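Scroll down for the structure; my scribbles are underneath it.
Whatever order the structure lists ligands and atoms in, that order sets their numbers, starting from 1. Starting from 1, each residue takes its place in the sequence as its number. Only heavy atoms go into these numbers, but all of them, side chains included; no hydrogens, no water, no symmetry mates. Predicted model, so just to flag it, every value in this text is computed and none were measured.
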Amino acid sequence: MAPADSAALRTAIVATAREMNALGINRGKSGNVSARIDTGFLITPSALPYAETEPDDIVAVDRDGAATGRRAPSSEWRFHRDIYAARPEVMAIVHTHAPFATTLACLDRGIPAFHYMIAVAGGTDIRCAPYATFGTQELSDHAVQALEGRTACLLAHHGMIAVGDSLESALALAVEVETLAETYWRALQIGEPALFDEREMREVLLRFAAYKRQSTR
Ligand SMILES: [Zn+2]
């Protein structure tokens, strides 16, 4: 069950947003962070530097998209709402304009199975959702679709989304995706990396599932 709105969760959202910039996977005021609560979700506000964001600036948005708080919610609240609606297991969402992931996304390129860690996002690739204007329902629809069977996707000419069962896991996944994007970008500078075939990726995904079961025990 999702937790209730609390000062601790608001503080954790602010810390996660600051951490994504400290880790170099986001810069400035772009990106946003949210966590599911029993009535909807809590999300970072629009247009406020993370260093100046306080727990009381975090905005509560209900399942119908009605916001409560002293600030306006991030302009991307729609895809947060729709991801939580489509994916009951998702408890937190991190959206960043990570430089390497965004570079690939600007070429409408997702990340293929060039490295076994691609399985960290739940499948054999990380898709790139088609472009749509930021803040629109169209972008949200594309994002939900690109995330099907996955825990991360790129957004064409925009950035990336990583989801998880906690703020920590969503942030950690965003770091993994950016690392994969950077490695893929580097490999492309000197050639075209060979991709795993379906059989090998099935094996990798099985091992990831076993590893996950072990680590949650
Ligand atoms: Zn964005």
Lys/Arg N to Asp/Glu carboxylate O, Arg199 vs Glu203, below 4.0 Å = no

query = Is it the case that Asp141 and Gln137 place a side-chain donor and acceptor less than 3.5 Å from each other?
reply = yes

query = Under the salt bridge (charged side-chain N to carboxylate O under 4.0 Å, His left out) test, which residues partner Arg81, sequence neighbours left out?
reply = none

message = Just by distance, no angles: are the side chains of Thr53 and Asp57 close enough, under 3.5 Å, to form a donor-acceptor pair?
response = no

task = Decide, yes or no, whether a salt bridge links Glu54 with Arg70 under the criterion of side-chain N to carboxylate O below 4.0 Å.
result = yes

key: Polar side-chain atom of Asn21 near backbone of Gly28 as donor-acceptor pair, under 3.5 Å   = yes

request  = Taking 2.8 Å as the upper limit, name the protein N, O or S atoms near the Zn ion (ligand 1).
outcome  = His95 NE2, His97 NE2, His158 NE2

